[in-house]
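Let me begin by presenting the structure, written as structure tokens, before commenting on it.
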2 protein chains.
Amino acid sequence: MRGPGGGANLLVLRSHNTALVLDLLRTAGPEGISRLELAERTGLTPQAVSKITARLREEGLAAEAGRRASTGGKPRTVLRLVPEAGHAVGVHLDRDELRAVLADLDGTVVARRHGPLDLGAGAEAVLTRVASVVEELEAELPAGGSLLGAGVALPGPLDHRRGVLHRVTGFPEWDGFPLRDALSARLGGVPVVVDKDTNAVALGLAVAGEGGSFAYLHLGTGLGAGLVIGGSVHRGPRTGAGEFGHQVVQLDGPPCGCGDRGCVEALCLAAVARGETAEAARVLGTGAANLVGLLDIDRVLVGGRTVEGAPEVFVSGVRGVLEARARRTGEECGVVRLVSGEERVAEGAAQLVLAPVFGQDG
Amino acid sequence: MRGPGGGANLLVLRSHNTALVLDLLRTAGPEGISRLELAERTGLTPQAVSKITARLREEGLAAEAGRRASTGGKPRTVLRLVPEAGHAVGVHLDRDELRAVLADLDGTVVARRHGPLDLGAGAEAVLTRVASVVEELEAELPAGGSLLGAGVALPGPLDHRRGVLHRVTGFPEWDGFPLRDALSARLGGVPVVVDKDTNAVALGLAVAGEGGSFAYLHLGTGLGAGLVIGGSVHRGPRTGAGEFGHQVVQLDGPPCGCGDRGCVEALCLAAVARGETAEAARVLGTGAANLVGLLDIDRVLVGGRTVEGAPEVFVSGVRGVLEARARRTGEECGVVRLVSGEERVAEGAAQLVLAPVFGQDG
DNA sequence: TGCACTTTGGCAACAGCGTTGCGAAAGTAG
DNA sequence: CTACTTTCGCAACGCTGTTGCCAAAGTGCA
């Protein structure tokens, strides 16, 4: 909670606490949560919570949802988030495919689009395509519903803060393209947020309740990572963090496409190509263990097309390396878990817009 | 800025803004800073700043320090921090040496102690020694001065949050020793903070104006790191972050004391032992490049006894690897700089107590 | 020397935040 | 039906930063 320059005034205070309450309402789901419980969880007084929830109910963001059983007195009134109070579009641009979802405040997908895409067709063509998909989904908004914005997730390294792409691998014409502003202009001023696909997935996981600090490692045609530290996505000063794939784990090893030698990505994919999946998993695990040691994160999650090919091998391989390390250091081991889902990136992209409402990723 | 559970009330708001103003006063140094400048920098209104500074002056933490030249109107009154309003003791426990300093709010050292130490003499003996040194320094407080607390920095891995040591390398009897609470009890309740030596150095650098995100790499008898991300020391959920030395950069490489193979520490120190300093620097640089890529940090700083032996070789070696990586990724290179100073760790330890006053590391 | 102007910064009134005191509402227990 | 417990809103309050206004303290020009 901080305004421009770090100073906080009463408006900042209010939006901070409001976002906090909204987040607890969202986390509680359809069963809802009582005012007193909100007070306990936030550390605010019950009366403050009452005022905040009264305002939220007036604005249509929250509503009553029945009552709890009595514990000897007046039963608690249960409140819930009204998910239809706001929507966001999430777009996943891959090298050969486009997926887009319309999600409500709760993150629930209420409409979807998908089809082939040629990133090489040039910025203008892709931009037109994306804009029309967003408008199609906007047309499916429930009556009276409003679109908070559109989130776009795509591979290459990019500047999240300015919404500018650099070096989308294999497509030099995208270099320096101001995707955020261009798309926002096409959409008539609708707010647009742009981020790496791995960051979108990591954000989606964080919002879905994957607490604390964790890393999402994505092994597909390349190897990337999304880092969540203390509940928020870590992007770094130049928003280029998460360059996991070109971490060197074999000094003077085999050359990598990036120009260096012995990168995790090169070693891992080469092992996969040789059919040595277990070795690939061990290499991946070594990189993960380095990450865990440096940042002391709680968990590592692995995913991506290549992992899907042999999930058990990758999970147990990475887990093996991490557990061996944990036995030496005495620290709790970062647990490894497999995840999947076709629309995961698009849903995470929608969260780029939704999460700030709940005080996350703002 | 957040209270228990994340909820923020007016008290939290006030201490946040007060700390912000105090930090700007500290940063401005003896020349001071005007109210209007404080308002611009914090984003608060001039009137709010006036109220905050009035309170600080009443409490003796701030004072007027002359006036600026007029720019056509009433000249600005300049305010400054009163460094004597608070002091902290910083203690550096090394394997064979103890250094302690008494620092004022500004971080200026006003008294010092140092002498040999035997960490192997056991917890009780060392505790008595440390307590007496702290009391000696407390006696040197200026008249009316108060001691805010004592910060203790030492090598091994430890639990910063609970103030408990684990595995001080080579001294198993320290395992699980609750240093913070034990020392605090000896000192009659004076607040005590405990942290790794590398974290103390990193914090000291951050407070001294080393902005943004950076890593301090310490190469002495071992290899450790202190990470600062976005202005605050990153310790991780279990406060074990910064295990830089046992990052694997050579799969199946030579065995390390930790039980793994190909760790940066082992490779680096082995190269030093062979007299191949340039190779040691290249290995260190590779580990640093991995870190820079993962976290997208701004700068890397290297130090420690081994580095002091051939500073130019290490700096240029690490810089070479980082610049080569930057040429490939197109991202700005994390600059490498050499630092030194006998009391640096002890000064940083004092900042473990002082920094929270200024809203840092709290 | 005097007057107009600019800039700083305090005083007072204010709006809005969470807090406290109190009482109505809505249950259970006997 | 009565006593008790628990929830939760209303009203008054204290404290925050904000706004409107004016005194203070300079410069610049006639």
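Keep in mind it's a predicted model, so treat the numbers as computed, not measured. Quick note on labels: first sequence line is chain A, next is B, and so on, each numbered from 1.
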Output the single nucleotide from [options] whose closest atom is nearest the side chain of [X].
X: A/Leu13; options: C/dG9, C/dC17, D/dT16; answer: C/dC17
X: B/Leu10; options: D/dC8, C/dA15, C/dG18; answer: C/dG18
X: A/Pro75; options: C/dA26, D/dT18, D/dA25; answer: C/dA26

Under 4.0 Å between a side-chain nitrogen and a carboxylate oxygen: does that hold for [X] and [Y]?
X: A/Asp361; Y: A/Arg235; result: yes
X: B/Arg68; Y: B/Glu37; result: yes
X: B/Arg57; Y: B/Glu64; result: yes
X: A/Asp298; Y: B/Arg238; result: yes

Rounded to the Å, how far apart are [X] [atom1] and [N] [atom2]?
X: B/Arg68; N: D/dT27; atom1: CZ; atom2: C1'; answer: 18 Å
X: A/Leu79; N: D/dC8; atom1: CG; atom2: C1'; answer: 11 Å
X: B/Arg14; N: C/dG18; atom1: CZ; atom2: P; answer: 17 Å
X: A/Ile33; N: D/dC8; atom1: CD1; atom2: P; answer: 12 Å
X: A/Leu20; N: C/dG18; atom1: CG; atom2: P; answer: 11 Å
X: B/Lys51; N: C/dA13; atom1: NZ; atom2: P; answer: 12 Å
X: B/Leu11; N: D/dG17; atom1: CG; atom2: C1'; answer: 15 Å
X: B/Arg35; N: D/dA25; atom1: CZ; atom2: P; answer: 13 Å

Does a nitrogen or oxygen in the side chain of [X] sit under 4.0 Å from OP1 or OP2 of [N]?
X: A/Asn17; N: C/dG18; value: yes
X: A/Arg67; N: C/dG27; value: yes
X: B/Thr71; N: D/dT27; value: no
X: B/Ser70; N: C/dT7; value: no
X: B/Asn9; N: C/dT19; value: yes
X: A/Ser50; N: D/dG9; value: yes

The residue, A/Lys74 or B/Ile52, whose nearest nucleotide of DNA chain D is more 5′ is A/Lys74
Note: for A/Gln47 and B/Thr18 on DNA chain D, the residue whose nearest nucleotide lies more 5' is A/Gln47
Quiz item: Would you say the side-chain atoms of B/Arg161 pair up with the backbone N or O of B/Pro237, donor to acceptor, closer than 3.5 Å?
Solution: yes
Under 3.5 Å, is there a donor-acceptor pair between the side chain of B/His234 and the main chain of A/Leu295?
yes
Assert: residue with more 5' nearest nucleotide on DNA chain C, out of A/Arg55 and A/Gly72, is A/Arg55
### Task
Could you check whether B/Thr77 gets within reach of a base, just the sugar-phosphate, or nothing at all, counting any heavy atom under 4.0 Å?
sugar-phosphate
